[in-house]
Peer 1: 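First the structure, then my questions, so here it is.
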Amino acid sequence: MRMSDRYVPQEIEPRWQAKWEETGIYRVKEDPDKTKFYFLTMFPYPSGDLHIGHWYVMAPSDAAARYRRMQGYNVLFPIGFDAFGLPAENAAINHGIHPKEWTYKNIERMRKQLRSMGAMFDWDREVVTCEPDYYKWNQWFFLKFFEKGLAYKKRAPVDFCPTCNTTLAREQVIEPDRVCERCGTPVIKKEMEQWFLKITDYAEELLDFSKLDWPERVKVLQTNWIGRSTGVQFRMEVKDHPDKSFEVFTTRPDTVYGVTFAVLAPEHPLVDELTTPEHREEVEAYKYKAARQSEIERLSTEKVRDGVFIGAYAINPMNGEAVPIFIADYVMMTYGTGAIMAVPAHDERDFDFARRYGLPIRVVIAPPDWDGGELEGAYTGKGVMVNSGPFDGLSNKEGWEKIADYMEEHGIGRRAVQYRLRDWLISRQRYWGTPIPVVYCEKCGIVPVPEDQLPVRLPDDAEFRPTGESPLKFHEEFLHTTCPKCGGPAIRETDTMDTFVDSSWYQYAYVSPYYDKAPFDPERGKYWLPVDQYTGGVEHATMHLLYTRFFTKAMRDLGLVDFDEPMVRLFNQGIILGPDGNRMSKSRGNVIAPDPLVKQYGADTVRAYLMFIGPWDQGGPWNPQGIEGVHRFLNRVWALVVEPGPEAGGKPEDAALTELRRMTHKTIKRATQDIEAFKFNTMLAALMSFTNYLTKAKGTAVYGTPEWDEAIRNLLLLMAPLTPHIAEELWARTGGEYSIHQQSWPTWEEELTKEETITLVVQVNGRVRDRVEAPADITKEQAKELALASKGAQRHTAGKEIVKIIYAPGRLVNIVVR
RNA sequence: GCCGAAGUGGCGGAACUGGCAGACGCGCACGACUCAAAAUCGUGUGGGUUUAUCCCGUGUGGGUUCGACUCCCACCUUCGGCACCA
């Protein structure tokens, strides 16, 4: 008897974790002789508890990283904490704990929980974003961006929660009803001076995914988010105002002859100048209402498209017609030019509006079978142009180009591209974030803090009051400073940065944590970068993943990196649901916590079950009984390896040994192909089948042969990435050299995986009628003969005419009869 | 409304390039061990029926094909994203 002959994960797991730590097998260094592999999984926010969702992204990532390592790559698999953010500050406001204390306590706790997972994280490279040595570089990036014109300040409306009395990050506004995620209060808009990063400069390049091996889904989400549309921008003169005109953007220049009115956004700068006295009162009222509109909850699902005539007329440059100008809040100042040409016949919104105000609806694209009568609704399909002067008779597709050409030739307008993407608003009226390194001087205006004065430290002794203003505003020492330019009195910016800034470049920090001359050591960066494989949730598709791509492109243009994309491959895992099939939430009471499961079953079982539950990108409900099955499997493997087999089995038959080797090599092949494609569920199924096979074979004479040892050895090696502790323990018990995690991934011999005989399926008219054993190298003619002779085929072909026989090599014969 | 993904046993899911549908696991049933139970092990497990040399079956309806979960067309349902973007 050794220490224990039963599988007790609670005993072996901490023991091996300690040994791994002690021997430092997971610490990596740049090694020019080895091919690097940078495997990155999204770093967690230190919320205080590692939940099953963290496990679901990290455990399979760890398995995949371990596999790469066994394949001989020099694998960088770092971990850190996304440590700035709102919850820390809320804890301060609600419970009087300092955000820093709260954060570091949580980090401490989560480090322990993460270690219990048995992952191969290189803890020496840990990065914590709330450290001044980290956020200093956020500030440095900001300054560089500012120099390049990529960071700028402007007035903009932000989301504000009147109950919490604070502004919210965009991601903290829950969408359908636009309510505060913390208290459920409807969010209102507030105009404030804000800092922006000019991500729109890269809009076009961000649409290019050719250098990325990313899920189609994410690419589609980003493409839609960026929202590129092509059209024509042209100028409309205002009647009786020779010096006034405005630009409109349209994607439908082919409908320009159908313009019967024009609409300006209520905030459009020309509105005041063009409004005639008799309409002024109504216009002012509408503008006021529209401004308030955004403050009032947009409760109604039915959008009422209303507006007001301002008393002026715009000239359609194509036909010289004067059409009335309205203001309406369905036209946004933030998109395009803030003004549109309205073609009610061919745009649903314009149609609604025209109906409401009795404006003419002029058809210029004839719908199929159109009788010339009135339309029931806007017709947005294709058709032949009518009522369009010289362009009549053209298909609208042709007309689109012809009219665009005409406008360009006559200097009326030009082809233009518009994006839905807006610049990235990074100002937060919050304490627990990176101070924006700018001071305001009465004399010099906005002055960036010089590089050598970084970091602008976040003072610890702030006071937390739910006043809606950053505590920094009340911190006299922080607030008052001297102007770096003129030395006169100045005031610091008290807003902090969006925490997405922190996560936009953390992958670079890992290559040389807290390097003090640059965001990262260029030498080491050259070796490790870019990230080869990234894993994390799809919920970051249009935020983090877009921001970090933007950062990398901006960094490239600053000369920091020489590649275009931060992460070459991306994998989005799914979401683990509660046992009831719903999203886990405390209020539903369906939350599965990993810690008690680790205690009960061990980390290996939890890891393996998460991988076995289904395809990794699919997620799915947690089945409390399902985990038992995986646990049983590990117990069976344990018994297979540890429990003594039968005594004298006699001499094994050659055929039995051949089969054993075939099973071994087939399993290596399947498992390798599966893990390569992140198909952990089928990989485990293969390992289970193999284990079941070996358990049966153990009672026969093959037990104890070299072939048997090969089988066990390989089984453990294949399990090592998935269930690192039990694999290590059994490896040691079978005399393997420490550590199994430093062994090479097994390879298979294709010859050995091949069956000697195949089961030939015999079909008649596509229906299975028999199965016959045949040698693997059977010829087409032999196969046909064999099939025809089979009982099942005889039964179903008797008395019928054979039309043809199809042979799918190695698989089946289909006899077609009439 | 627009964009995207997915529908396979009681359940999670598997199926290479169009070639044996349901691997593996859960659950269930029966059996072994036990005084008994748990655990463990073994056997069975899509449905129907005339229990077979049979029929039906991968959301629905059609199509292509010797052959369709797989390809094409139309539709239904569920989930996710965007939402007055001109």
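Just so you know, these numbers come straight off a predicted model, no measurement behind them. Each chain gets a letter, A, B and so on, in the order its sequence line appears, and its residues count up from 1.
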Peer 1: Would you measure the distance from the P atom in rC26(B) across to the matching atom in rA74(B) and give it in whole Å?
Peer 2: 43 Å

Peer 1: Within a reach of under 6.0 Å around CD of Q233(A), are more than 12 heavy atoms found that belong to other residues, nucleotides or ligands?
Peer 2: yes

Peer 1: Taking only side-chain N and O atoms of K679(A), does any of them lie within less than 4.0 angstrom of OP1 or OP2 on rA15(B)?
Peer 2: yes

Peer 1: Mind checking the P distance from rA29(B) to rC79(B)? Whole angstroms is fine.
Peer 2: 33 Å

Peer 1: For T542(A) and Q222(A), which I'm curious about, is there any donor-acceptor pair between the side chains at under 3.5 Å?
Peer 2: no

Peer 1: Among rC54(B), rG4(B), rA14(B), which nucleotide sits nearest the side chain of V220(A)?
Peer 2: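 When the side chain of V220(A) is considered, rG4(B) is the closest of rC54(B), rG4(B), rA14(B).
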
Peer 1: Between rG63(B) and rU70(B), how far apart are the P atoms? Round to whole Å, please.
Peer 2: 14 Å

Peer 1: Between Q794(A) and rU53(B), does any side-chain N or O lie under 4.0 Å from OP1 or OP2?
Peer 2: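 So the side-chain polar atoms of Q794(A) never come under 4.0 Å of the phosphate oxygens OP1 or OP2 of rU53(B).
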
Peer 1: Using the C1' atom on both, measure rC28(B) against rC11(B) and round to a whole Å.
Peer 2: 11 Å

Peer 1: Is the phosphate of rG81(B) approached by T542(A) (side-chain N or O, under 4.0 Å from OP1 or OP2)?
Peer 2: no

Peer 1: Just checking V331(A): base, sugar-phosphate only, or nothing, at a heavy-atom cut-off of under 4.0 Å?
Peer 2: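 Counting heavy atoms under 4.0 Å across all strands, the contact made by V331(A) includes a base.
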
Peer 1: For nucleotides 19-31 of chain B, read 5' to 3', which letter fits each nucleotide if B means a protein heavy atom sits under 4.0 Å from the base, S means only the sugar-phosphate is that close, and - means neither?
Peer 2: BBS-BBSSS----

Peer 1: Ring pair (Phe, Tyr, Trp, His ring centres under 6.0 Å) between F353(A) and Y330(A): does it pass, once the steps are laid out?
Peer 2: CA-CA 10 Å; F353(A) 195 87; Y330(A) 80 87; 5.7 Å; yes

Peer 1: Does a donor on one side chain and an acceptor on the other come within less than 3.5 Å for D617(A) and N572(A)?
Peer 2: no

Peer 1: What's the verdict on ring pair (Phe, Tyr, Trp, His ring centres under 6.0 Å) for F680(A) and W616(A), showing C-alpha distance, side-chain angles and the deciding distance?
Peer 2: CA-CA 7 Å; F680(A) 303 102; W616(A) 193 24; 5.5 Å; yes

Peer 1: Closer to the 5' end of RNA chain B via nearest nucleotide, is it N224(A) or Y609(A)?
Peer 2: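 The residue whose closest nucleotide sits nearer the 5' end is N224(A).
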
Peer 1: Using ring centroids (six-membered ring only for Trp), state whether W214(A) and F209(A) fall under 6.0 Å.
Peer 2: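 F209(A) vs W214(A): aromatic centres not under 6.0 Å.
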
Peer 1: What's the spacing between D604(A) CG and L634(A) CG if we round to 0.5 Å?
Peer 2: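 Reported value, rounded in 0.5 Å steps: 6.5 Å.
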
Peer 1: Using a 4.0 Å heavy-atom cut-off, does P621(A) contact any base of the nucleic acid, only the sugar-phosphate backbone, or nothing at all?
Peer 2: nothing

Peer 1: Scan T337(A) against the nucleic acid and name what it touches under 4.0 Å (heavy atoms): base, sugar-phosphate only, or nothing.
Peer 2: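 If one applies the 4.0 Å heavy-atom cut-off, T337(A) turns out to touch nothing in the nucleic acid.
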
Peer 1: Looking only at side-chain N and O atoms, does H346(A) come under 4.0 Å of OP1 or OP2 in rA86(B)?
Peer 2: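 For rA86(B), OP1/OP2 do not have a side-chain N/O of H346(A) under 4.0 Å.
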
Peer 1: For RNA chain B, just give me the dot-bracket, please: Watson-Crick or G-U, both distances below 3.5 Å, ( ) intra-strand, [ ] crossing earlier pairs, | paired with another strand, . unpaired.
Peer 2: (((((((..(((......[....)))((((((.......))))))(((.....)))..(((((..]....))))))))))))....

Peer 1: Take atom CD in E750(A); do more than 12 heavy atoms of anything else shown fall under 6.0 Å from it?
Peer 2: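 Count over threshold, so yes.
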
Peer 1: Please name the pair of heavy atoms, one in S229(A) and one in T251(A), separated by the smallest distance, quoted to 0.1 Å.
Peer 2: CB-CG2, 4.0 Å

